[in-house]
Amino acid sequence: VLKLQKKFKESITFYQKAIELKKNYFEAYNNLATSQKNVGLKHEAFENYKHAINLKANNLEANYNLANLLYDEKRFEEARENYEKVIKIDNNFPQSYLSIGLINSVQGKFEEAKNYFLKAIEKDKFLTEAYVYYVSTRKIDKNDYIIKVLEDLINNNDLHPKHEQDISYALSKVYFDIDNIDLGFKFLTKAKKLYLKKINFSIEEEKISFQKVKNYFSTKKFKMIDFKDTYKAYPIFIIGMPRSGTSLLEQIISTHSEVFGAGELRIMPRIFYDTNWNEKTSPEELFRFVRREYLSNLGKINTSKKFIVDKMPFNFFAVGFILNSIPEAKIVHMSRNPMAVCWSNYKINFPDPGMDFSLSQEDTAKYYIFYDDLMKFWSNNIKNKIIHIKYENFVNDFENETNNLIKEIGIKWEENIKNYNKNKRPVQTASLLQVREKIKKNTSEEWKKYKDYLKIMEETLQSGKINY
């Protein structure tokens, strides 16, 4: 019960006492590991999942939980091995097929991913996430049999709301792919409304968060801190609105021999949101804390490369914290046509709660206005310390733009950068398909195809004086 109530620290003590009383209590080791994982004790969690498995080798739950932890840590091949062990224990366990499909997807093995998603569906036709991932990792053809499966499922009056939401998202992607725009918007709107029913999101609370940052940096003068500590690697932050081209930038930069692409790291957001800072917090104390926390966590990444790309787009919140805490860092800001960005965010099924603003056209546009205002604030107050890239210019003049970017970052040009689409690094973002293709021009104009359905989005942007 304690575990289910997320009282993880109390449950850790409980399971430790249970193990003291019964040394071979494999269920307690598994539950202890899960509680430890949820409070960030990942090394201890690894050890206790393994202990549970040593006590009972065919322990499905512990093997599956260990695989999930390895997946979260981006140790994909080890995760795959453990999901395969789960299938050997129970070859009808659909979640393992789904997870292997996800690993294949992030590694760019889309045909293998498709086969595993279909196996997951075969084992459980109500594992609806599998349909979402299946349609999200390919362009759907009008003859794809999955369309009929989804259409039959959506007409089931006994669907659980979560299943109805997933199937609606999947159908919206299908219909957009086959140019049935009416049905695409019908099911996209339905999916958004189903999701909105179960959350408590307020765009006004988001606005307060933006204002809190501006207030902190508007009311104080900061002196540069002389940091004495050094670290083995330093970050290149790629920031901007989600769906603005940040994944493409990371794919290109991380093709360089001195750069490791770490994806969307949650280090800075965790510091930003979990730290109890306010207008009265001492800047020096706060900036030293941010530096220590961020760079020590960055140092845990298993790479010997000099630079690590952190492509968490929402780090645009933290520009002032980054430049005052980690002056060695580089910040690259990617901007894109506002309507292209807003439409792309609105149409995607994002499982991350941080993307709740994209559940309505109005909130998506309002969030863009907040972001645009904050980026103007940073640009006006922190001059010449942010590398600004315009997506449309970048894709239209790829080689020159990339060459200039590499110079501004401070690394030497390598010819291999031109072959960024052959970069085999795992990609876990919604752009995992696009970054493995050659650059496409004019994609920022695609929203115009749906213009008649996006009036609320347009009107909201116009009210914020956003040009597009």
Side-chain angles (χ1 to χ4, degrees), residues 236-256 259 261 307 309-316 319 329-345 348 364-365 367-369 371-380 382-423 427 429-431 433-451 457-458 461-462 464-468:
I236 299 169
F237 291 93
I238 298 178
I239 62 172
M241 276 289 286
R243 311 295 296 155
S244 62
T246 54
S247 293
L248 173 64
L249 267 190
E250 181 186 26
Q251 184 78 349
I252 291 167
I253 295 170
S254 65
T255 306
H256 194 282
V259 180
F307 297 98
V309 175
D310 181 344
K311 195 210 76 74
M312 173 54 73
F314 294 109
N315 282 336
F316 63 72
V319 168
K330 303 291 184 181
I331 298 179
V332 184
H333 170 230
M334 177 71 103
S335 62
R336 189 181 183 188
N337 178 285
M339 273 301 293
V341 167
C342 289
W343 161 236
S344 190
N345 276 277
I348 296 288
T364 304
Y367 193 89
Y368 184 94
I369 293 167
Y371 143 81
D372 183 70
D373 177 66
L374 184 59
M375 285 310 305
K376 286 173 180 170
F377 174 80
W378 293 133
S379 296
N380 290 334
I382 307 173
K383 297 187 184 299
N384 304 320
K385 293 190 177 179
I386 304 171
I387 302 168
H388 293 282
I389 305 287
K390 181 72 174 169
Y391 175 82
E392 289 78 13
N393 296 341
F394 191 80
V395 298
N396 285 323
D397 190 10
F398 166 73
E399 198 161 325
N400 283 329
E401 289 277 332
T402 305
N403 221 313
N404 291 336
L405 172 62
I406 294 299
K407 283 179 186 173
E408 287 197 70
I409 289 172
I411 52 181
K412 292 182 180 178
W413 175 261
E414 294 178 350
E415 283 298 307
N416 190 45
I417 293 171
K418 295 178 184 178
N419 302 315
Y420 71 91
N421 56 311
K422 296 177 183 177
N423 188 341
V427 179
T429 71
S431 302
L433 265 178
Q434 293 92 327
V435 298
R436 301 197 189 278
E437 300 172 338
K438 285 287 186 182
I439 281 177
K440 294 178 181 177
K441 299 178 181 180
N442 302 319
T443 56
S444 290
E445 300 296 309
E446 288 179 359
W447 71 269
K448 293 179 180 178
K449 182 178 178 180
Y450 311 100
K451 183 180 176 70
M457 189 179 286
E458 280 201 82
L461 286 176
Q462 288 166 1
K465 297 181 170 51
I466 300 294
N467 296 317
Y468 54 87

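- When atom types are taken as modelled, the side chain of Asp310 and the backbone of Ile238 share no donor-acceptor pair closer than 3.5 angstrom.
- Under a cut-off of 6.0 angstrom, the local environment of NZ in Lys385 is sparse, with at most 12 non-hydrogen atoms contributed by other residues, nucleotides or ligands.
- Judged purely by atom type and a 3.5 angstrom limit, Ser244 has no side-chain atom pairing as donor or acceptor with the backbone of Gly240.
- Using cut-offs of 30° and 60° for the angle between ring planes, the Phe314 and Tyr367 rings count as perpendicular.
- The two residues Ile348 and Arg243 come nearest to each other via the heavy atoms CG1-NE, 3.9 Å.
- Counting heavy atoms of neighbouring residues, nucleotides and ligands inside a 6.0 Å radius, atom CG of Asn380 exceeds 12 of them.
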(Q) Is there a salt bridge (Lys or Arg N to Asp or Glu O under 4.0 Å) between Glu458 and Lys451? Walk through the geometry before answering. (A) CA-CA 9 Å; Glu458 280 201 82; Lys451 183 180 176 70; 3.1 Å; yes
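- Between atom CD of residue Gln462 and atom CD1 of residue Ile369 there is a gap of 10.0 Å, rounded to the nearest 0.5 Å.
- Centroid-to-centroid, the aromatic rings of Phe316 and Trp378 stay 6.0 Å apart or farther.
- With sequence neighbours excluded, the residues that form a ring-ring contact (aromatic ring centres under 6.0 Å, His included) with Phe237 are Tyr294.
- Shown here for Ala340 and Trp447, the closest heavy-atom pair between the two residues is N-CD1, 3.8 Å.
- Although no hydrogens or angles enter the test, the distance criterion places a donor-acceptor pair under 3.5 Å between the side chain of His256 and the main chain of Lys412.
- Here the CD-CG distance, from Gln251 to Leu248, works out to 8.0 Å after rounding to the nearest 0.5 Å.
- Across all non-hydrogen atoms, the minimal contact from Ile239 to Ile331 is CD1-CG2, 3.7 Å.
- Separation of atoms CG (Leu405) and NZ (Lys330) is listed at 11.0 Å; rounding is to 0.5 Å.
- Heavy-atom minimum distance, Cys342 versus Met457: CB-SD, 3.4 Å.
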| task | Evaluate the side chain to side chain donor-acceptor pair (under 3.5 Å) criterion for residues Lys311 and Thr246: first the C-alpha distance (whole Å), next the side-chain angles of each, then the deciding distance (0.1 Å), finally the verdict. | result | CA-CA 7 Å; Lys311 195 210 76 74; Thr246 54; 2.9 Å; yes
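- Residue Asn345 comes nearest to Pro242 through the heavy atom pair ND2-O, 2.8 Å, listed as atom of the first residue, atom of the second, then distance.
- For the pair Asn396 (side chain) and Glu392 (backbone), a donor-acceptor distance under 3.5 Å is present.
- In this structure, the separation between CG on Asn337 and CH2 on Trp343 is 14.0 Å, given to the nearest 0.5 Å.
- Minimum heavy-atom separation, Ile417 to Phe398: O-CZ, 4.3 Å.
- The side chain to side chain donor-acceptor pair (under 3.5 Å) check on Thr443 picks up Arg336, Tyr391, with sequence neighbours excluded.
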Steps toward side-chain contact (heavy atoms from CB on, under 4.5 Å) verdict (Thr255, Asn419): CA-CA 8 Å; Thr255 306; Asn419 302 315; 5.7 Å; no
Can you check salt bridge (Lys or Arg N to Asp or Glu O under 4.0 Å) on Glu445 and Lys448, steps first, answer last?
CA-CA 6 Å; Glu445 300 296 309; Lys448 293 179 180 178; 2.5 Å; yes
